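The model shown is predicted, which means the values in this text are computed figures rather than measured ones.
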Amino acid sequence: MVDIKISGRKVTVSDALRDRVNEKIGDALKVFDISPMSCDVVLRVDKNPSNPDRKTCEVTVFVRKNVVRVVASADDMYAAIDEAADKVTRQLRKYKTRVIDRRQRAQVPPAPVPSADELANLIAPAPEEEDDQLVREKYVELTPMSEEEALVQTDLLGHDFYVFTNATTGLVNVIYHRKNGGYGIIKPKVEENPDA
């Protein structure tokens, strides 16, 4: 059985809410019965009355070296918990499929690395007044992993890109979601294949 830690922000976690989380999220976690696995659930209420979906359920599942994170909001906390459980089920199924299929996909040759001009076209221009303003700073732990593991982690987190240390080369790489489908990878120039 997975240990589910439940906390509330601006909301008291009643026994009924705790039971609903344990039932719904607990069932979702059974999709992929693997150890070690732990789960943090945060129930949150936005005090802004103009927001119709003020109740939020945020679920973070730690499975081996990967993190699966989902957020669901609704006008009712029970509905938010149910939606989060559905999302966790889908993400864990996707993770399970990725892990099983990883060996088969490893035999497929990697996609060509895009040019700098192609990468520049992927970046959405920011509004002019925000061009020179740093709005957020985030520190990440660069975990050594394969490109395939980084791709799985990108999907599980629902991010457009993922920064990691390439376990083969020891250098920092970035996997990103391409606008026109598929994924790309950015590598330092020192990794460039001279035969390509």
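Note: the hydrophobic cluster containing Val45 also contains Val41 (ILVMFWY, side chain heavy atoms under 4.5 Å, direct or indirect links). Residues Val70 and Ile6 share a hydrophobic cluster, clusters being chains of Ile/Leu/Val/Met/Phe/Trp/Tyr side chains in contact below 4.5 Å.
A donor-acceptor pair is defined here as one N or O able to donate and one able to accept, closer than 3.5 Å; such a pair exists between the side chain of Thr169 and the backbone of Leu171. In this structure a side-chain-to-backbone donor-acceptor pair under 3.5 Å is missing from Gln153 to Tyr162.
For the pair Cys57 and Leu43, the tightest heavy-atom approach, listed with the atom from each and the gap, is SG-CD2, 3.8 Å. Closest heavy-atom contact between Ala150 and Ile175: CB-CD1, 4.0 Å. Nearest approach of Thr56 to Met77, heavy atoms of both residues: O-SD, 3.8 Å. Residue Ala80 comes nearest to Ala74 through the heavy atom pair N-CB, 3.8 Å, listed as atom of the first residue, atom of the second, then distance. When all heavy atoms of Ala167 and Pro144 are compared, the pair lying nearest together is CB-C, 4.2 Å.
The stretch residues 68-81 participates, sequence neighbours left out, in these salt bridge (charged side-chain N to carboxylate O under 4.0 Å, His left out) pairs: Glu58-Arg69. A salt bridge (charged side-chain N to carboxylate O under 4.0 Å, His left out) check over residues 14-23, counting only residues at least two apart or in different chains, returns the pairs Arg20-Asp82.
Qualifying side-chain contact (heavy atoms from CB on, under 4.5 Å) partners for Phe161, counting only residues two or more places apart in sequence or in other chains: Val163, Val174, Tyr176. Residues satisfying the side chain to side chain donor-acceptor pair (under 3.5 Å) test with Thr60, not counting sequence neighbours, are none. With sequence neighbours excluded, the residues forming a side-chain contact (heavy atoms from CB on, under 4.5 Å) with Ser7 are Val42, listed by chain and number. Annotation: salt bridge (Lys or Arg N to Asp or Glu O under 4.0 Å) contacts of Lys55 (sequence neighbours excluded): none. Considering only residues two or more places apart in sequence or on other chains, Glu83 meets the side-chain contact (heavy atoms from CB on, under 4.5 Å) condition with Ala72, Lys87. Looking at residues two or more places apart in sequence or on another chain, you find no side chain to side chain donor-acceptor pair (under 3.5 Å) involving Thr89. For Lys10, the side-chain contact (heavy atoms from CB on, under 4.5 Å) test picks out Lys47, with sequence neighbours left out.
A heavy-atom distance below 4.5 Å is found between the side chains of Ile81 and Leu17. Side-chain atoms of Leu29 and Cys39, non-hydrogen and from C-beta on, do get closer than 4.5 Å to each other. A heavy-atom distance below 4.5 Å is not found between the side chains of Val11 and Arg44. Using a 4.5 Å cut-off on side-chain heavy atoms (C-beta onward), Phe164 and Val172 make no contact. A heavy-atom distance below 4.5 Å is not found between the side chains of Val88 and Val68. Within the 4.5 Å cutoff, no side-chain heavy atoms of Tyr78 are placed close to those of Lys24. A heavy-atom distance below 4.5 Å is found between the side chains of Asn173 and Pro188.
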Take Glu147 and Ile185, measure what side-chain contact (heavy atoms from CB on, under 4.5 Å) needs, and give me the verdict at the end. CA-CA 9 Å; Glu147 292 173 6; Ile185 187 163; 3.6 Å; yes
Check the pair Leu151, Tyr183 against side-chain contact (heavy atoms from CB on, under 4.5 Å), reporting the backbone distance first and the verdict last. CA-CA 8 Å; Leu151 185 60; Tyr183 288 88; 3.2 Å; yes
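With Ile25 as the fixed residue, the side chain to side chain contact (heavy atoms under 4.5 Å, CB included) test singles out one of Val21, Asp27, Asn22: Val21.
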